[in-house]
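A quick write-up on the structure given underneath.
The chain is numbered in sequence order, starting from 1. For clarity, every value in this text was computed on a predicted model and none was experimentally measured. Atom set for the values below is all heavy atoms of this structure, side chains included, hydrogens, waters and symmetry mates excluded.
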Amino acid sequence: MEQKIKIYDLKDPRQYEDEKKFWENASIEFKLNALEEIRESYFKLKNINKNEISTGLRSIYRITEQK
């Protein structure tokens, strides 16, 4: 499949429409791989050893007083 590259002006609203369509049509596996790349880049940027991070998602609860 031939890939096409589009060049946009930063103020061109079509850029965001095309980007939205791209992510809507992307597979779940592609989205998860992209997310993992972002996580790994963040860990490198912050010098965090990802083996020290607890696995899984954490839930945070906040209890407020009702009046």
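- Taking CD of Gln15 as the start and CG of Asp18 as the end, the distance is 8.5 Å to the nearest 0.5 Å.
- With rounding to the nearest 0.5 angstrom, the CD atom of Glu40 is 10.0 Å from the CG atom of Leu35.
- Grouping Ile, Leu, Val, Met, Phe, Trp and Tyr residues whose side-chain heavy atoms lie under 4.5 Å apart, directly or via other members, leaves Leu10 alone, with no other cluster members.
- Residues satisfying the ring pair (Phe, Tyr, Trp, His ring centres under 6.0 Å) test with Phe30, not counting sequence neighbours, are Phe22, Trp23.
- For Asp9, the side-chain contact (heavy atoms from CB on, under 4.5 Å) partners two or more places apart in sequence, or in a different chain, are Lys11, Asp12.
- Atom OH of Tyr42 is surrounded by 12 or fewer heavy atoms from other residues, nucleotides or ligands within 6.0 Å.
- Here Ser41 pairs with nothing under the side-chain contact (heavy atoms from CB on, under 4.5 Å) rule; sequence neighbours left out.
- Between the CZ atom of Arg14 and the NZ atom of Lys21 there is a distance of 11.0 Å, given to the nearest 0.5 Å.
- Applying the side-chain contact (heavy atoms from CB on, under 4.5 Å) rule to Glu24 yields the partners Lys20; only residues at least two apart in sequence or on another chain are considered.
- Every residue was checked against the side-chain contact (heavy atoms from CB on, under 4.5 Å) condition with Asn33, not counting sequence neighbours, and none meets it.
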